[in-house]
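Computed from a predicted model, the values in this text were never measured in an experiment. Both counts, for ligands and for their atoms, begin at 1 and track the order of listing.
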Amino acid sequence: MLDFRKITAQSALYNFHAHTPYCDGHAPMEDFVKEAIGQRFTHFGFSPHSPLQFESSCNMSRESVLQYFVEVNRLKSLYSNKINLYASMEIDYTDEFGPSNEYFAELPLDYRIGSVHFIPSFVDATQYVDIDGRPEGFIEKMHIYFHDDIEAVIRSFYAQSLKMVEAGGFDIIGHFDKIGFNAEAFKAGITRNEWYDKLVLQLFEAIMDSRYVIEVNTKAWEQRRRFYPDVKFFHLLKKYDCTVLVNSDAHYPDRINSGRMEAMRLLG
Ligand SMILES: [Zn+2]
Ligand SMILES: [Zn+2]
């Protein structure tokens, strides 16, 4: 595995979470690389949403995986004297398919991010619902798929996350409390309950048991003033001496450094 601790000690200008046109990114991969070089980044990793066992407009198809590696390798050799580039994936976990699946073990990835974006529908448990999108869409899905039971949705998200952590097969845990944002949009104050903090803590301890690298995801900072994990959990990162990466989860080249410096300042 890459020595993330060493990399972050040597350079503040890195980003290991960025999307591509093979998933839901909005620019050619080379544009991200040029922007990163222009901003004097030393390390940059691509992490398209992984293929799933079902169709999803945000995730790359299995058919485009080879093309993705061809493009990363082309960029790696073209810009090798200017920046360190890496091939990764943000791998989704569902009960049937996830980072621990041998499909991913066999791919030539430099590192792997494990993230939960889908939970099973309460109407039909074989159907997975994306609970990661914008709050307006999430609220609508709460009616359609989850009987408006926000506590059960939160519990399901943390249960899925815990199962992913226990199954393994990845290096970095992506935005580990992300459900908190949409849950607050549905019911303000819901994440200020003691049971909520307990769920986060239980997951955090499982993450620490396996010493995964933790991402502080800054994608939403500029627009929503929210980091994932929330700033209120930053003290845990220090207390447990975690290896932390501050990633902007960029879908556009001009967002590669978005919110990162603010997070780093708060992390001290
Ligand atoms: Zn994600
Ligand atoms: Zn992402």
Taking the ring of [Y] and the ring of [X], is the distance between their centroids below 6.0 Å?
X: F170; Y: Y212; answer: yes
X: Y158; Y: Y196; answer: yes
X: H49; Y: H117; answer: yes

Check residues 99-108 and write down every donor-acceptor pair under 3.5 Å in which the side-chain atom is one partner and the other belongs to a residue at least two apart or another chain.
from, atom 1, to, atom 2, distance (Å)
N101, OD1, Y103, N, 2.9

Notebook entry, point to check: With a cut-off of 6.0 Å (strictly less than), are more than 12 heavy atoms of other residues, nucleotides or ligands near CZ of R134?
Noted result: no
Next item on the list: Could you grab the distance from atom CG of L109 to atom OH of Y68, nearest 0.5 Å is fine?
Entry: 7.0 Å
Notebook entry, point to check: What protein N/O/S atoms sit under 2.8 Å from the Zn ion (ligand 2), by chain and number?
Noted result: H17 NE2, H19 NE2, E90 OE1, D249 OD1
